[in-house]
Peer 1: 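Shown below is the structure under consideration.
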Amino acid sequence: MHTVKDKAKLLARVKRIQGQASALEKLLAQEQDCAAILQQIAAIRGAVNGLMGAVIEGHLVDHLVEEESLSARQQEAEAILQVIKSYLK
């Protein structure tokens, strides 16, 4: 499974996001300039998008490209499409 194989990389991304969220919390608590707050929010969004992209890529490769069963590929395609639609809302 790709999330197990890429566990270290994915966890590093999650820790980076946690650090960015913590930095955002400090900015808000310290009543910092809104431009700095907006920049931090943008950084968090970019990091989450990068994490989502990495997991989607691994999922597509492991569960669609390398999957031998047509029915399993179809089920996985439907599942990932639902996740993507939900994410893009």
Side-chain angles (χ1 to χ4, degrees):
M1 183 181 305
H2 60 96
T3 53
V4 173
K5 179 178 61 178
D6 297 334
K7 179 179 168 181
K9 291 179 193 175
L10 296 174
L11 285 173
R13 285 179 178 265
V14 169
K15 288 179 182 181
R16 199 170 315 123
I17 292 166
Q18 289 172 332
Q20 291 171 327
S22 179
L24 175 59
E25 182 180 16
K26 287 178 186 175
L27 289 171
L28 290 167
Q30 296 170 355
E31 301 177 0
Q32 293 293 315
D33 180 61
C34 59
I37 292 168
L38 290 168
Q39 181 61 45
Q40 193 61 34
I41 294 169
I44 293 168
R45 182 177 183 195
V48 170
N49 286 342
L51 175 62
M52 181 64 123
V55 175
I56 287 174
E57 180 180 346
H59 184 85
L60 292 175
V61 171
D62 280 7
H63 300 286
L64 293 175
V65 174
E66 295 178 0
E67 175 60 51
E68 294 181 20
S69 165
L70 176 60
S71 63
R73 284 195 313 264
Q74 289 171 333
Q75 288 177 342
E76 291 296 335
E78 288 175 26
I80 195 66
L81 285 173
Q82 288 302 315
V83 170
I84 292 170
K85 286 177 186 177
S86 172
Y87 186 73
L88 294 176
K89 282 186 179 180

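Side chains are part of it too, since the values below use all heavy atoms of this structure and drop only hydrogens, waters and symmetry mates.
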Peer 1: I'd like a table of donor-acceptor pairs (distance under 3.5 Å, sequence neighbours excluded) in which one partner is a side-chain atom from residues 39-61, with atom names and distances.
Peer 2:
unit_1: Gln40; atom_1: NE2; unit_2: Gln20; atom_2: O; d: 3.1
unit_1: Asn49; atom_1: OD1; unit_2: Tyr87; atom_2: OH; d: 2.2
unit_1: Asn49; atom_1: ND2; unit_2: Arg45; atom_2: O; d: 3.4
unit_1: His59; atom_1: NE2; unit_2: Glu76; atom_2: OE1; d: 3.0

Peer 1: Nearest 0.5 Å, what's the CD-CG distance between Gln75 and Leu70?
Peer 2: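 It is 10.0 Å, given to the nearest 0.5 Å.
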Peer 1: For the CG atom of Leu24 and the CD1 atom of Ile17, what is their distance to the nearest 0.5 Å?
Peer 2: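 One gets 13.0 Å once the value is rounded to the nearest 0.5 Å.
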Peer 1: Is there a path of hydrophobic side-chain contacts, each under 4.5 Å between heavy atoms, that joins Leu88 and Val83?
Peer 2: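 They do share one cluster, since a chain of ILVMFWY contacts under 4.5 Å joins Leu88 to Val83.
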Peer 1: Evaluate whether atom CD of Glu66 has more than 12 neighbouring non-hydrogen atoms of other residues, nucleotides or ligands under 6.0 angstrom away.
Peer 2: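 Result for CD/Glu66: enclosed.
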Peer 1: For Gln32, is the CD atom crowded, meaning more than 12 foreign heavy atoms sit under 6.0 Å from it?
Peer 2: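 Yes, because the 6.0 Å sphere around CD of Gln32 holds more than 12 heavy atoms from other groups.
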Peer 1: Please answer whether the main-chain N or O of His63 pairs with a side-chain N or O of Arg73 as donor and acceptor at a distance below 3.5 Å.
Peer 2: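 It does not hold such a pair.
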